[in-house]
Chemist: 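Right, I'll just put the structure down here and ask away after.
What you are looking at is a predicted structure, and each value in this text was computed from that prediction instead of being measured. Hydrogens, waters and symmetry mates are skipped; everything else that's a heavy atom, side chains included, is used.
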Amino acid sequence: MSEQQRGGSAVTVPETSGPVDGAQPESHVSTIGQRAGRGLGWALIGNLVFKAGSFAISLVLVRILVPHDFGLYAVALAANAFVIHVNDMGMIAATVQWRGRVEEMAATATTLAIGFSLGWYALFWMAAPVMADVAGSPEATPLIRLLTLTIVLDGISAVSVGVLQRRFQQDLLMKVIAIGFVFSAVLSVSLALAGAGAYSFVLGTLAQALVVTVLVLRTARVPFRLGFDRKIARRLISFGAPLAVGLGIESVLLYSDSVIVGHVLGTVVLGYYLLAFNISSWVPGLVGTAVRYVSIPAFSRLAEGETDDVAVGVQRTLPMMIAVVAPIAAGFVALSPSLVHVLYGADWAPAAEALRFLAFVMVARMFTALVFDIQTGLGNTQVSIWVNLVWLLALLPALWLGANAGGMQGAALGHAVVAFAVAIPVAAWMLHRAGVPMGPVLRKIGRPVLAGVAAGGVMAALAIPLESPIADLAVAGTAGGVVYLLVVVPASGRAACREQLRSVVAARRAVKA
């Protein structure tokens, strides 16, 4: 079928087409880049606001609830964390990447997303008692069953979310999520004050999911219809199923070190390690999540243009991502003791030894995540399976040997070695196989890597004599940042920036005159 006519006339969804006849590939790349940049800005702002808001609400709730309530919610949240990655079987990404008119596949994709979500929900409903018992909290069973209802709502709105991302309307998506967050915050605090305990978290989260679903369906302006076309369903499943499997393996990959460290070294050391891992996840959680909102639609649209458009896009985005992450990683490596001391106190100092190495894992996670998004835009969703599987198989023995030989620091070192020696090369090789030349990318990455090494060396040298955690972060961190900018920005670029600044100042003076 070329159109879905369920219950009324088809509504044409505005699409981002390829370059117009006679346009140069560079102009197409620039146009997509501008739209993606705008979407990324909204996604970054939204992520930052939501994380700050979540932190503020947690400070309020921690004064109302008891630790037992937090523990029960944590069990339900852990169960939900896995299934939320795979519940729609990649239908959101399939909508974003779809080659053609969205109305051709919307009804089938919606049917599949809801069907898969209901199937996962039924499975987790039955498994909830077992999960709660394994976690040592049988009381969490109803919480797991209630919280995982969010995946059904996610399935209902999957196609509409995909359409908003496809159109680069991240601003609308962030506003919708913000409204849902306000509902969640008000309800959670109100229920906590009323004595609802752990249910205040769960019902607040469920309310947010419900509000977001309703508003997304209205905002995307895609008729909500159910239908089924076998040919379209095969295309959607062949695209989405490998992506869901890859994300499932990725979730196992992210938690494997916690399991091994806890088993070999005990819960106290695991606490230090988890703190270090959480710090190293700040950038992937904030920047990486925001990038994912725009990277898949951007590379999907580039893939519809000229042959070289994707290569040009990769040559811009991968070096830019490394340029953003390199100074942060350098700071983690050089100033981790001061960072942990200032943020969490001297009692958590051992976590710094793991953070030094997990900073390298952070870089690898950002690199591979962007490569996965590029491959998803090209339609190669099976790549995430193979890269994550190879990474996991290499990581498990490295973590076991590292933890037994060198404790927490050895486990973190093992993870870093595998990330740089296995994950990054395999991901880059798979991208090269997909037809993207990696030589230009590697040449452009060289400067930010060198700048990061130089900045890290300066920060480490200045941190030694200061002997003050706050001074380390202020003085050494600032000096390292200056060194990084001097190395990463060419002399010609600095001259151009100075000239632009002079022009702006002159223009302002002329206006005042």
Chemist: Heavy-atom distance under 4.5 Å between the side chains of Leu450 and Arg447, does that happen here?
Modeler: no
Chemist: For the pair Thr381 (side chain) and Phe239 (backbone), establish whether a donor and an acceptor sit closer than 3.5 Å, ignoring hydrogens and angles.
Modeler: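 Checking the backbone N and O of Phe239 against the side chain of Thr381, a donor-acceptor pair under 3.5 Å is found.
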Chemist: How many angstroms lie between atom CD of Gln375 and atom CZ of Arg433, to the nearest 0.5 angstrom?
Modeler: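 Answer rounded to 0.5 Å: 9.5 Å.
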Chemist: With distance as the sole test, does Ser160 use its side chain to make a donor-acceptor pair with the main-chain N or O of Ser157 at under 3.5 Å?
Modeler: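 Looks like no, no N/O pair under 3.5 Å.
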Chemist: May I ask you to decide if Ala185's main-chain N or O and Ser188's side chain share a donor-acceptor pair within less than 3.5 Å?
Modeler: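 No, the answer is negative, given that no donor and acceptor are paired below the 3.5 Å cut-off.
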Chemist: Testing the basics here: between Leu395 and Ser256, what is the closest heavy-atom pair and its distance to 0.1 Å?
Modeler: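 What the structure gives for the nearest pair is CD2-OG, 3.6 Å.
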Chemist: Check whether any side-chain heavy atom of Met362 lies under 4.5 Å from a side-chain heavy atom of Ile328, and answer yes or no.
Modeler: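 Yes, at least one pair of side-chain atoms sits under 4.5 Å.
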Chemist: Are a donor atom and an acceptor atom from the side chains of Ser280 and Arg365 found within less than 3.5 Å of each other?
Modeler: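 Distance-only check fails for Ser280 and Arg365.
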Chemist: After noting the C-alpha distance and the side-chain angles of Val287 and Met366, does the key distance pass the side-chain contact (heavy atoms from CB on, under 4.5 Å) rule?
Modeler: CA-CA 9 Å; Val287 180; Met366 292 292 292; 4.1 Å; yes
Chemist: For Thr478 and Ala474, indicate whether the former's side chain and the latter's backbone hold a donor-acceptor pair under 3.5 Å.
Modeler: yes
Chemist: Please check if the side chain of Ser200 supplies one atom and the backbone of Ala196 the other of a donor-acceptor pair under 3.5 Å.
Modeler: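 Here the side-chain-to-backbone pair does not exist.
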Chemist: Got a donor-acceptor contact below 3.5 angstrom from the Asp154 side chain to the Thr150 backbone?
Modeler: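 Answer holds: no.
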Chemist: Closest approach of Val264 and Asn404, non-hydrogen atoms and distance?
Modeler: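 For Val264 and Asn404, the tightest heavy-atom pair comes out as CG1-OD1, 3.8 Å.
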Chemist: Quick check: closest heavy atoms across Val314 and Leu431, and the distance to 0.1 Å?
Modeler: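 So the two residues come closest at CG1-CD2, 4.0 Å.
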Chemist: Could you tell me which non-hydrogen atom of Gln409 sits nearest to which non-hydrogen atom of Glu353, and how far apart they are?
Modeler: NE2-OE1, 3.8 Å
Chemist: State, with a plain yes or no, whether a side-chain heavy atom of Thr317 is found less than 4.5 Å away from one of Ser295.
Modeler: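 No, their side chains stay 4.5 Å or more apart.
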Chemist: Could you tell me whether the side chain of Arg166 and the main chain of Thr95 form a donor-acceptor pair under 3.5 Å?
Modeler: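 Pair found, side chain donor or acceptor close to backbone of Thr95.
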Chemist: Give every donor-acceptor pair under 3.5 Å between a side-chain atom in residues 331-345 and any protein atom, sequence neighbours left out.
Modeler:
from, atom 1, to, atom 2, distance (Å)
Ser336, OG, Phe332, O, 3.4
Ser336, OG, Ala352, O, 3.3
Ser338, OG, Asp472, OD2, 2.6

Chemist: In Å, rounded to the nearest 0.5 Å, how long is the span from CG of Leu393 to CD1 of Ile249?
Modeler: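 With rounding to 0.5 Å, CG (Leu393) is 9.0 Å from CD1 (Ile249).
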Chemist: CD/Gln97 to CG/Asn380 distance, rounded to the nearest 0.5 angstrom?
Modeler: 9.0 Å
Chemist: Could you walk me through whether Leu378 and Phe299 pass side-chain contact (heavy atoms from CB on, under 4.5 Å), step by step?
Modeler: CA-CA 7 Å; Leu378 294 172; Phe299 283 101; over 6 Å; no
Chemist: If you measure from CZ on Phe372 to CG on Leu243, what distance do you get to the nearest 0.5 Å?
Modeler: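 The CZ atom of Phe372 sits 10.0 Å away from the CG atom of Leu243.
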Chemist: Given 3.5 Å as the limit, does a donor-acceptor pair link the side chain of Ser117 with the main chain of Ile151, or not?
Modeler: yes
Chemist: Hey, does Met131 have a side-chain heavy atom less than 4.5 Å from the side chain of Ile144?
Modeler: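 Yes, at least one pair of side-chain atoms sits under 4.5 Å.
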Chemist: Which atom pair, heavy atoms only, marks the closest approach of Ala416 to Phe360?
Modeler: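 So the two residues come closest at CB-CB, 4.0 Å.
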Chemist: Taking all heavy atoms of Tyr273 and all of His415, pick out the closest pair and write down the distance.
Modeler: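 Looking at all heavy atoms of both residues, the shortest contact is OH-ND1, 3.9 Å.
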Chemist: In sequence, state the C-alpha distance, the side-chain angles, and the governing distance for Val261 and Leu399, and then conclude on side-chain contact (heavy atoms from CB on, under 4.5 Å).
Modeler: CA-CA 8 Å; Val261 169; Leu399 287 172; 5.5 Å; no
Chemist: Does any non-hydrogen side-chain atom of His263 lie less than 4.5 Å from one of Ile260?
Modeler: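 When only atoms from C-beta onward are counted, His263 and Ile260 do not touch, as no gap falls below 4.5 Å.
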Chemist: Start with the C-alpha gap between Gln165 and Val294, add the side-chain angles, then the distance that decides, and say whether side-chain contact (heavy atoms from CB on, under 4.5 Å) holds.
Modeler: CA-CA 7 Å; Gln165 293 186 21; Val294 299; over 6 Å; no
Chemist: Just checking Phe420: does its CZ atom have more than 12 heavy atoms from other residues, nucleotides or ligands closer to it than 6.0 angstrom?
Modeler: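 Yes.
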Chemist: Are there more than 12 heavy atoms of other residues, nucleotides or ligands under 6.0 Å from atom CD1 of Ile470?
Modeler: no
Chemist: Any side-chain heavy-atom pair from Leu146 and Leu206 closer than 4.5 angstrom?
Modeler: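 When only atoms from C-beta onward are counted, Leu206 and Leu146 do touch, with a gap below 4.5 Å.
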Chemist: Which distance, rounded to the nearest 0.5 Å, do you find between the CG of Leu247 and the CD1 of Ile385?
Modeler: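 CD1 of Ile385 is found 9.5 Å from CG of Leu247.
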Chemist: Are any non-hydrogen side-chain atoms of Ile177 and Gln208 less than 4.5 angstrom apart?
Modeler: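 Sidechains of Gln208 and Ile177: in contact.
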Chemist: Looking only at atom types and distance, does a side-chain atom of Asn388 sit under 3.5 Å from a main-chain N or O of Ser384, one as donor and one as acceptor?
Modeler: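 Here the side-chain-to-backbone pair exists.
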Chemist: Let me confirm one number: the CE-CG distance from Met459 to Leu473, rounded to the nearest 0.5 Å.
Modeler: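 If we round to the nearest 0.5 Å, Met459:CE and Leu473:CG are 10.5 Å apart.
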Chemist: Is there a side-chain contact between Met321 and Phe367 (heavy atoms, below 4.5 Å)?
Modeler: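 Answer yes - side chains close enough.
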Chemist: Verify, without hydrogens or angle tests, whether Thr141 (side chain) and Pro138 (backbone) share a donor-acceptor contact under 3.5 angstrom.
Modeler: yes
